[in-house]
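Reading through the structure tokens given below for one structure.
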Amino acid sequence: MLNERAFKAVGKPLPRKEDLRLVTGKGRFTDDFNMPGQVWASMVRSPYPHARIVAIDVADALGMPGVLGVYTGVDCARDGLQPIPHNPVPSTNFDMKLTGPGGTKVFIGSHMLLPADKARHVGEAVAMVVADTRDQAQAAAEAVAVEYEELPWVADTLAAAEPDAPRLWDELPDNVLVDSSFGDAVATDAAFARAPHVVTMTAHIGRVTGAPLEPRAALGSYDAETGRYTLYAGSGGAVRQKREMAEVLNEPPENLRVISFDVGGNFGTRNRAYVEFGLVLWASKKLGRPVKFRAERSESFLTDYQGRDLVTEVSLAIDRDGKFLAMRASNLSNVGSRCASLSPLSKGAGLITGSYDIPVATLRARAVYSCTMPTQAYRSSGRPEVTFAIERLVDKAARELGFDRLELRRRNMVRPEQMPYVNAVGSTYDSGEYEANMDKLLALADWQGIEARRADAKARGKLLGVGFANYVESSIGTPKERADVIVRPDGVEVVIGTQPAGQGHETSFAQVTADLLGVPFDNVTITLGDTDVVSAGGGTHSGRSMRHASTVLALASVEIIEKGCALAAHCLGVERDAIQFDEGVFRVADRNTSLSWFDLAGRADDKSLPESLRGGLKVRCDSEMHTPVFPNGACCCEIEVDPETGGLEITRYSTVDDVGRCINPLIVHGQTHGGIAQGVGQALWEQCYIDPGSGQPTNGSFMDYGMPRFDNMPSFKTQIVEVLSPTNPFGVKAGGEGGTTPAPAVIMSAMEDALSEFGPMDIEMPATGLKIWSAIQQGRARLAASKTA
Amino acid sequence: MALVSMTVNGSAVAREVDDNTFLAFFLRDHLGLTGTHVGCDTTQCGCCVVHVDGRSVKSCTMLAAQAQGCAVTTIEGLATGDVLHPVQRAFHLHHGLQCGYCTPGMIMAAVNLIETHDGALTEEIVREEMEGNLCRCTGYHNIVKAILAAADEMSPSHAAAE
Amino acid sequence: MHSLRYLRPANVEEAVRIFNENEDASFLSGGHTLLPTLKLGLARPAALVDLTGIKSLRHITVGGDVLSIGAATCHADVASSDIVRRHIPALAGLAGSIGDRHVRNRGTIGGSVANNDPAADYPAAVLGLGATVVTDRRGLVADDFFTGLYETALESGEIVTRIDFPIPQIASYAKFRSAASRYSVAAVFISHGQSGVRVAVTGAGTNGVFRAKDLEQALSDDFRPEALADLHIDPASMSSDNVGTPEYRASLVMVMARRAMAHPGTTQSYK
């Protein structure tokens, strides 16, 4: 269907259309909007991880300067506000089917804008103050007197799953909301029973936060004349926010307009609605004034949806030749105080066997509530966790059983001729050349030169470590997408319901549209982010956008080309079948007349057109695509550890990523770079740590939450591979998460290699200087003890 | 309240503001120059970097009143009409931005860095000197490339060669 | 941020007068510690008396064996000063290692010294060089100036006007930075000068910056890195947090001390 020879824009590294406004300070981020008469909201937040709200005395706060109102969970309930309908159980035909214990329906604790019963994590908003200025609202929030009855709490993932752990929800007998099993348990048990080797590992892939640099913000207003609400709020999909906020407010969706133009980073944290979004809307109606909220960074650290937090216990059965026989995994996801999303659990569930052909496997997937901020999908939701498990386990197997770690992988990789390959838990890998990725990577990373570099590092007093990991991940996401394609005399407009936060949709979608219609790239504009214009769409998550957008645009292009042909036939006075469309031009065979899209668009509003051709040169197209794709690749990094300080430098980092069709290499490489940084960040610095004694989160700012920075990241060598996916017209897989997926595994693999002289390493992420130094001390003590013994 | 006056992007401005108004919010809320962003409250992220009397500063940690009488340049004042500053152009060409939120501070920091080094920069200098600006999207790779390219373009030797 | 009055005196006398006239006033210098503290609501002065408008507090001069730096001189100016680079290069390097380049354009030496953050760099130089902190009313030798965490001998309303550094024969500084805050987890300033060997440690001690007397003794006998080989720091005197245990910090202090000795006349920053 696609004529690749006609691609003039697709595949080219075109600089982005969105840059001009962003490099000149003309971006339109949420906090850049202000409305006449606007007032400010500030939240009263729980200082306790778990506490019953006994009483809230608002009198003092109400008497303070500028205060217009103080609202509590009781007020929310009185006004009949509904919980946020997060709809957390993944629902495409290909998502792993998660259930409650014993096959029951998953219990989803209600997420009201403000709770009336109790606070379930430190930082949960229990009341809102609205005042004329932000300073006044913040001052008054401190004056709201909340009487709490402290309750026993649990924050740790494993502890929360214990049967006698403090319970968050009376509706459940314990905190376990999901308990499902997949794969063939009988066959797996049998394979393990006869396996000569079994290797086992337990790991906690810790809690991190997305930390998009734009703090979350919301501006809500209500127009009493039209009865409509408007919400400015950066998100991962305005259409979703509109639907959910309408439900919260008991309003029909058409009474809401949600605007999300430029979004200052998302990474998953903005994919679910925040209580403040509903609160500013609700308050704006009550007060008849626009109400604005902007989080401090400290509030973002406390109450942005967080990511990861999965405990995985994995075992691999291996035969004498190093062939993998079976795998067993048990994954436990900490959803926090409410279940906003089960994506971190489900996305990994289908990928536990990684890039390897393992005949049988079983997985137990559980999720628990805990007294922590809810978790959500975070950059490559669920995949770095399972990639960490399988890749670190394979490294361990190689070390313990005496195999070369690359050779052991080669022996077990899924081969191209097995594609489409159904793995042992039922996921169908669409395409890929996994071992070829490995070979490309080893060349890119100069694997041959490692020992020379290791010697060089040693001469400088440094320990060089090399990490390696393969990965396969899945891109699923909301299955529906809609596009409006409108051709006008001066250009083509595409209206679509994805929501970029830096991924460059205005550019890459224009490239696709330009080539599908045969028009210049510069003549295409993409419209996003205003629900009064964008009527439907699935938002941006799970690497879905390029694939869904190119698919719906391909469908739309067929329809609009047909429309164009009909119109051209009318204009040129010939039958429809006499019109040929090629590279943006409608012409009649053997005749010297032709019409361009823009010529046609100039006539599309002509009143004299027959009924069937009227209404402008535009189409609306909906598509529904459930089939997932499986981006894949390989990754290698080198680190140098300073054994005296535990300090570390990443000296080389190389990746090969099969993204399917690459629409814009400039953008895809950029996605890989950013993804790497986020994965590396988790491995080395990032952690939302909760003090086990008090239940208090200890990371409240960039002073105590270590971030990837200019001076701790290297330049990268990234190579794109394009094995086209057979599942969609352009063959797109995804390019947004591949940088992140193998990164924690590859860094810890390098760490283990660097410290190998000290024996088996036991360092949990993030591998801070302190942990590295301590591991070296322990290793030295062990070595010394074994020598004397 | 006090009358604060300064020159912003070449124009004299004066506004009556509360004493506790930070320069970043003076620019954003009182002058409508929303290109200067605020990404943290501990002077770490650098989204708010502007130039005050030719030096780069974090405008979230400077009171507007402290800039009394100063010459301030923001991201809005960098381009000359429709012609982008070389650093702005380099960020565009090398894809040195994704979401764009850190970008204004990043570009203002880079301009100042290049100016103070007369364009003679290395990757190592860029990585050490830019560490007061955080980016969550790019992994810094393309920003480093963009800054080095712009520095090359702005260096006196480059100008001489042309 | 809470509401407050901002006042900008033109000279030291006016600053003192304004401070005394305003109840609950606080001096403001570069503001890069104070202003974030106010944003977080951790302090609420009613008035800020800005010292950075006082021209007499901004200077870098040499007289005899003493390098004087005005209290309102920003880190960037110290780092790039030819005078400082020539006479105490480690001090220029130290100033250039504080925070980031934007912070260095605002933060001042007087503000840093008066704040005495236990992880700040300047206190190590002041103590490690045996400097004198000169105020509007007296001179305080470094050993008497730093009295504890965020504590100094300054009285209410007393203004640091300059720091007088005796120019040493050699000095060096080595620091290990925190991955998140960029402050020092442990850092050591060593000088050999008119009053012998001084070794000051910042970032690590439970009570803030301190002199490591054992190290001073060892280096007085033999001013070479090898002289430190068998020395240890008692972890009991080291602070503890998520970034470092007392044992880790004690080890880092010795590593930084040896590296400072190995790179005389410089500042080395490790991470």
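Chain letters run A, B, ... following the sequence lines, proteins first and then strands; every chain starts at 1.
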Identify which part of A/Met707 has an atom lying under 4.5 Å from any heavy atom of chain B, answering side chain, backbone, both or neither.
-> side chain
Shortest non-hydrogen contact between A/Leu213 and B/Cys102, atoms and distance = CD1-CB, 3.7 Å
Below 4.5 Å from any heavy atom of chain B, which atoms of A/Pro714 appear? Answer side chain, backbone, both or neither.
-> backbone
Which atoms of A/Phe267 come close to chain B, meaning under 4.5 Å heavy atom to heavy atom: side chain ones, backbone ones, both, or neither?
-> side chain
Partner chain B: residue of A/Gly739, A/Pro13, A/Ala501, A/Ala677 with the largest heavy-atom pair count (under 4.5 Å) = A/Ala501
Atom CZ in A/Phe702, atom CG in B/Asp41: separation rounded to 0.5 Å?
-> 9.0 Å
When rounded to the nearest 0.5 angstrom, what distance separates CG in B/Leu97 from CG in A/Asp19?
-> 4.0 Å
B/Glu123 versus A/Ser715: any side-chain heavy-atom pair under 4.5 Å?
-> yes
For A/Phe716, is it the side chain, the backbone, both or neither that has a heavy atom under 4.5 Å from a heavy atom of chain B?
-> both
Out of B/Thr103, B/Leu33, B/Thr138, B/Val144, which one racks up the most heavy-atom pairs below 4.5 Å with chain A?
-> B/Thr138
Heavy-atom distance under 4.5 Å between the side chains of A/Asp135 and B/Asn20, does that happen here?
-> yes
Which bit of A/Arg294 comes within less than 4.5 Å of chain B, counting heavy atoms only: side chain, backbone, both or neither?
-> side chain
Show your reasoning for whether side chain to side chain contact (heavy atoms under 4.5 Å, CB included) applies to B/Leu84 and A/Leu20.
-> CA-CA 9 Å; B/Leu84 295 179; A/Leu20 187 63; 3.9 Å; yes
A/Gln503, part contacting chain B, at a heavy-atom distance under 4.5 Å = neither
Flag the pair B/Cys40 / A/Met703 as yes when at least one side-chain heavy-atom distance between them is below 4.5 Å, and no otherwise.
-> no
Of B/His141, B/Met106, B/Gln88, the largest count of non-hydrogen pairs under 4.5 angstrom with chain A goes to B/His141
Side chain, backbone, both or neither: which part of A/Asp262 has a heavy atom under 4.5 Å from chain B?
-> neither
Which one of A/Ser298, A/Ala295, A/Gly27 has the most heavy-atom pairs closer than 4.5 Å to chain B?
-> A/Ser298
Is the count of non-hydrogen atoms from other residues, nucleotides or ligands lying under 6.0 Å from B/Glu16 atom CD greater than 12?
-> yes
Output for pair (A/Phe710 CZ, B/Ile143 CD1), nearest 0.5 Å, gives 4.5 Å
Bottom line for A/Asp31: the part with an atom under 4.5 Å from chain B's heavy atoms is both
Side chain, backbone, both or neither: which part of B/His37 has a non-hydrogen atom closer than 4.5 Å to chain A?
-> side chain
Say whether, by atom type as modelled, one donor and one acceptor occur between the side chain of A/Arg16 and the main chain of B/His95 under 3.5 angstrom.
-> no
For chain A, which of B/Cys47, B/Cys99, B/Gly139, B/Ala79 has the most heavy-atom pairs under 4.5 Å?
-> B/Cys99
Residue from B/Gln98, B/Arg28, B/Arg136 scoring the most non-hydrogen pairs under 4.5 Å with chain A is B/Arg136
Under a 4.5 Å heavy-atom cut-off, does chain A meet the side chain of B/Val87, its backbone, both or neither?
-> neither
Relative to chain B, which segment of A/Ile667 carries a heavy atom at a distance below 4.5 Å: side chain, backbone, both, or neither?
-> both
Could you grab the distance from atom CG of A/Asp711 to atom CZ of B/Arg127, nearest 0.5 Å is fine?
-> 9.0 Å
Heavy-atom pair of closest approach, residues A/Gly670 and B/Asn142 = CA-ND2, 4.2 Å
Can you say whether B/Leu134 sits under 4.5 Å from chain A via the side chain, the backbone, both, or neither, judging by heavy atoms?
-> both
Part of A/Leu666 within contact of chain B (heavy atom distance under 4.5 Å) = both
Largest heavy-atom contact set with chain A, pairs under 4.5 Å, which of B/Gly39, B/Cys45, B/Gly100, B/Gly35 = B/Gly39
Over all atoms of both residues, closest heavy-atom pair of A/Ser701 and B/Thr42 = CB-CG2, 3.7 Å
Does the B/Tyr101 side chain pair with the main chain of A/Pro212, one donor and one acceptor, at a distance under 3.5 Å?
-> no
